[in-house]
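Structure first, then comments.
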Amino acid sequence: MYPITRLRRLRRTPELRDLVRETSISAKDFIAPLFVCHGENIKNEIPAMPGQYHFSVDKVVEECRELYECGVSGVMLFGIPAVKDATGSEAYHDHGIVQQAIRAIKAAVPQLIVIADVCMCEYTDHGHCGIIHDHYVDNDATLKILSRQAVSYAQAGVDMVAPSDMMDGRILAMRKALDENGFVNLPIMAYSAKFSSAFYGPFREAANSAPSFGDRRSYQMDPANSDEAMREIEADIEEGADIVMVKPALPYLDIIQRATSRFDVPMAAYNVSGEYSMIKAAAEKGWIDEDRIVMESLIAIKRAGAKIIITYFAKEVAKKLMNK
Ligand code: PBG
């Protein structure tokens, strides 16, 4: 009790504050999302995401080298296909853009962890995360396609698959398909509690993946639900998920914290496109101190309990941490 206790004593100098700091971040915590497109020598900035690009395979390899050199653990690949169709067929073709990128990155930077997002929405002409029957995303028909996509990425040499579709039963379906094809050691990072969020807006512009009708509320979660998020995470763990994820990150820190106090599986959080672009936009206007806001945001995600942070800030922050 005051005046015996004075919490400010340990805040007096930077050294004391360093000594008692409870949470730290390092480049090893980060996974950098990257968008890959067809073509050569392409590095086009995404208008809604300043500092993020569409990379052709040759350029994505360069980016991966740089990320590896600044200590970032891995990358998460998203594909911009040449053509989109009703069943998203480029997603599971051996020559698909993500398959090409996986091969090239693993050949050039073998120690960088390459994770591939498994979902249909970038590849379907209707922009939904699965196969449509009667204007409804057909859960069980979609599981077959997602499993094929996961196996195809595995055959290309990916280190981990990350299903983001939110179909029921996808982790079990994918685990079985991977095992049957000899990939018993390939981990699955499940986007377990993925909320139907307006924070994905800039990503949908980047991936041209906004649904052409309706929205994703019949498969992604209602932002109002926390108990249901625990059920989603629990189901994914039972189905064999090796890592579980909460997405978006900053508006859902309560979900991250609740899940980490309840489950022992490594927790990832996805600091999504809208979280990134809002900071970039406000910084461009001179309204905020970008560096401090970014550090504070990432520390908050870690403090809530995430071990792994998927963030578009990965490279910038990793570089800053290196120069310290
Ligand atoms: C694909 C997918 C999305 C994101 C990651 N995987 C978009 C969506 O569900 O609409 C969003 C990532 C971001 O906003 O940074 N289903």
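What you see is a predicted model, and the numbers here were worked out from it, not measured in a lab. Each ligand, and each atom within it, is numbered from 1 in the order the structure gives.
Looking at Asp165 against ligand 1, nothing comes within 4.0 Å, counting heavy atoms. If you look at Ser273 next to ligand 1, the close heavy atoms, those under 4.0 Å, come from the backbone and the side chain alike. With a heavy-atom cut-off of 4.0 Å, Cys121 touches ligand 1 through its side chain alone. In Phe78, the part holding a heavy atom less than 4.0 Å from any atom of ligand 1 is the side chain.
Of all the atoms in ligand 1, the ones that sit under 4.0 Å from a non-hydrogen atom of Ser164 are 1 (C), 2 (C), 6 (N), 16 (N). Heavy-atom contacts of Tyr270 reach the following atoms of ligand 1: 12 (C), 15 (O) (cutoff under 4.0 Å). Remark: ligand 1 atoms within the under-4.0 Å shell around heavy atoms of Val272 are 13 (C), 14 (O), 15 (O).
Below 30°, between 30° and 60°, or above 60°: for Phe195 and Tyr252 the angle between ring planes is below 30°, a parallel geometry.
Among Ile115, Ile105, Leu112, Ile113, the single residue meeting the side chain to side chain contact (heavy atoms under 4.5 Å, CB included) criterion with Asp159 is Ile113.
In summary, the side chains of Tyr219 and Asp168 do not present any donor paired with an acceptor at a separation below 3.5 Å, with no hydrogens or angles considered. Looking only at atom types and distance, the side chain of Tyr276 has a donor-acceptor partner in the side chain of Gln52 under 3.5 Å away. Ser164 and Tyr270 form no side-chain donor-acceptor contact under 3.5 Å, judged by distance and modelled atom types alone.
Under the 6.0 Å cut-off for aromatic ring centres, Phe35 and Phe203 qualify, their centroids lying closer than that. Side-chain rings of Tyr123 and Tyr92 stay apart, their centers remaining 6.0 Å or farther from each other.
Remark: Ser197 engages no residue in a side-chain hydrogen bond (donor to acceptor under 3.5 Å, both in side chains) (not counting sequence neighbours).
Judged by the shortest distance from any of its heavy atoms, Met166 lies outside the 4.0 Å radius around the atoms of ligand 1.
When the options His128, Glu122, Lys194 are ranked by their closest heavy atom to atom 9 (O) of ligand 1, first place goes to Lys194. By heavy-atom distance, the residue among Glu275, Arg204, Lys247 lying nearest atom 3 (C) of ligand 1 is Lys247.
For atom 15 (O) of ligand 1, the nearest protein heavy atom (residue, atom name, distance) is Tyr312 OH, 2.5 Å.
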